[in-house]
Amino acid sequence: MSQLEPGKPRSRWWARWWVWALAVVAIALPVSAWSAVAALSPEPFNLRGELTLGPTAHVRNGPVGCKGGSGYEDIVEGTQVTVLSPVGEVLAVGELGNSAWSGETLTCRFRFTVPNVPGGHDIYQVGVSHRGTIPIPAGKAIAGQAALELG
């Protein structure tokens with residue numbers, strides 16, 4: 001054991017470290033808990049996203065927008081977008097909105113909004129027309145980051 005010289009204070013670096021560590025935990029814990037609760041909140045929200053129709057879908061650019069072709073003719077502005085629960089229960093229905101053609105990538109992008117989706121699920125199944133569904137985590141669904149691709 002070492003003896004302190006008289007008149008020299010003891011270093012308390014470890015005490016300061018613990019105070020800072022506890023402060024960080026005290027701030028981070030409620031923020032992360034709030035994020036988890038917000039993601040599973042039963043409050044309804046508008047699910048926003050984008051569907052990209054790829055070049056293998058034989059995208060056609062028209063005077064008012066773009067659309068699918070050669071087997072993808074059902075992918076046009078106004079096509080139904082359905083949001084289902086993890087077990088397949090229909091929660092809400094919306095539609096594909098305006099389309100935008102990209103001559104560079106030969107793709108057609110549709111924005112969509114599905115209003116009044118009930119909260120409280122950790123995953124949402126999102127489907128367009130009869131094309132099956134894609135699982136979207138609640139955080140992305142609530143944040144308006146649902147990204148779907150076809151073709």
Side-chain angles (χ1 to χ4, degrees), residues 12-151:
R12 300 220 185 233
W13 65 268
W14 56 270
R16 286 189 297 263
W17 184 86
W18 276 106
V19 169
W20 280 105
L22 288 173
V24 167
V25 169
I27 292 169
L29 193 58
V31 169
S32 62
W34 178 84
S35 297
V37 169
L40 298 176
S41 170
E43 290 294 317
F45 64 95
N46 293 335
L47 187 144
R48 290 181 173 81
E50 190 172 89
L51 167 70
T52 301
L53 189 58
T56 60
H58 303 282
V59 176
R60 297 181 180 161
N61 189 22
V64 184
C66 48
K67 60 183 178 179
S70 297
Y72 291 88
E73 289 86 1
D74 58 316
I75 308 300
V76 297
E77 293 176 12
T79 297
Q80 183 172 302
V81 178
T82 307
V83 178
L84 303 124
S85 73
V87 296
E89 172 191 10
V90 174
L91 298 174
V93 177
E95 62 185 37
L96 293 178
N98 293 338
S99 60
W101 166 255
S102 171
E104 197 173 295
T105 59
L106 303 177
T107 59
C108 183
R109 292 191 354 223
F110 297 87
R111 295 194 183 275
F112 62 84
T113 300
V114 181
N116 299 315
V117 176
H121 298 281
D122 55 347
I123 298 283
Y124 292 88
Q125 301 288 334
V126 181
V128 177
S129 186
H130 64 279
R131 303 287 175 165
T133 61
I134 300 291
I136 306 291
K140 287 191 176 217
I142 293 168
Q145 299 173 344
L148 310 175
E149 292 183 20
L150 277 174

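Residue numbers start at 1 and run along the sequence shown.
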Subject >> Where L106 and V59 come nearest, the two heavy atoms and their spacing >> reply: O-CG2, 4.0 Å
Subject >> V93 backbone acceptor or donor facing T82 side chain under 3.5 Å >> reply: no
Original post:
Between CD of E89 and NE2 of H121, what distance do you get to the nearest 0.5 Å?
Top reply: 6.5 Å
**OP:** Write down the atom of Q125, the atom of P86, and the distance for their closest heavy-atom approach.
**Re:** CG-CA, 4.4 Å
Subject >> Reported CZ-to-CG distance for the pair R60 and L53, which is rounded to 0.5 angstrom >> reply: 11.0 Å
**OP:** Sequence neighbours left out, what passes salt bridge (Lys or Arg N to Asp or Glu O under 4.0 Å) with R109? Give chain and number order.
**Re:** E50
**OP:** Drop me the distance from I142's CD1 to R48's CZ, to the nearest 0.5 angstrom.
**Re:** 12.5 Å
Original post:
Are any non-hydrogen side-chain atoms of L148 and I136 less than 4.5 angstrom apart?
Top reply: yes
Original post:
From S129 OG over to I75 CD1, what is the distance, rounded to the nearest 0.5 angstrom?
Top reply: 5.0 Å
Original post:
Under the disulfide bond (SG atoms under 2.5 Å apart) rule, what pairs show up with a residue in residues 110-150, not counting sequence neighbours?
Top reply: none
Subject >> For V128 against V81, the heavy-atom pair lying closest together >> reply: CG2-CG2, 4.2 Å
**OP:** Would you sort out whether Y72 and R131 count as a side chain to side chain contact (heavy atoms under 4.5 Å, CB included), showing the intermediate values?
**Re:** CA-CA 10 Å; Y72 291 88; R131 303 287 175 165; 3.5 Å; yes
Subject >> Check: T107 side chain, G54 main-chain N or O, donor-acceptor pair, under 3.5 Å >> reply: no
Subject >> P135 to I123 - nearest heavy-atom pair and separation >> reply: CB-CG2, 3.8 Å
**OP:** Give a yes or no answer on whether the side chain of N46 reaches the backbone of N116 with a donor-acceptor pair at less than 3.5 Å.
**Re:** yes
Taking only distance into account, with no hydrogens and no angle test, what donor-acceptor pairs under 3.5 Å do side-chain atoms of residues 94-103 form with protein atoms, sequence neighbours excluded?
from	atom 1	to	atom 2	distance (Å)
S99	OG	C66	N	2.9
S99	OG	C66	O	3.4
S99	OG	E77	OE2	2.8
S102	OG	T105	N	3.3
S102	OG	T105	OG1	3.0

Original post:
Less than 4.5 Å apart, any side-chain heavy atom of E149 and any of L51?
Top reply: no
**OP:** First locate atom OG1 of T79, then atom CZ of F112, and finally report the distance between them rounded to the nearest 0.5 Å.
**Re:** 12.0 Å
Subject >> Y124 OH to L47 CG distance, which is reported to the nearest 0.5 Å >> reply: 8.5 Å
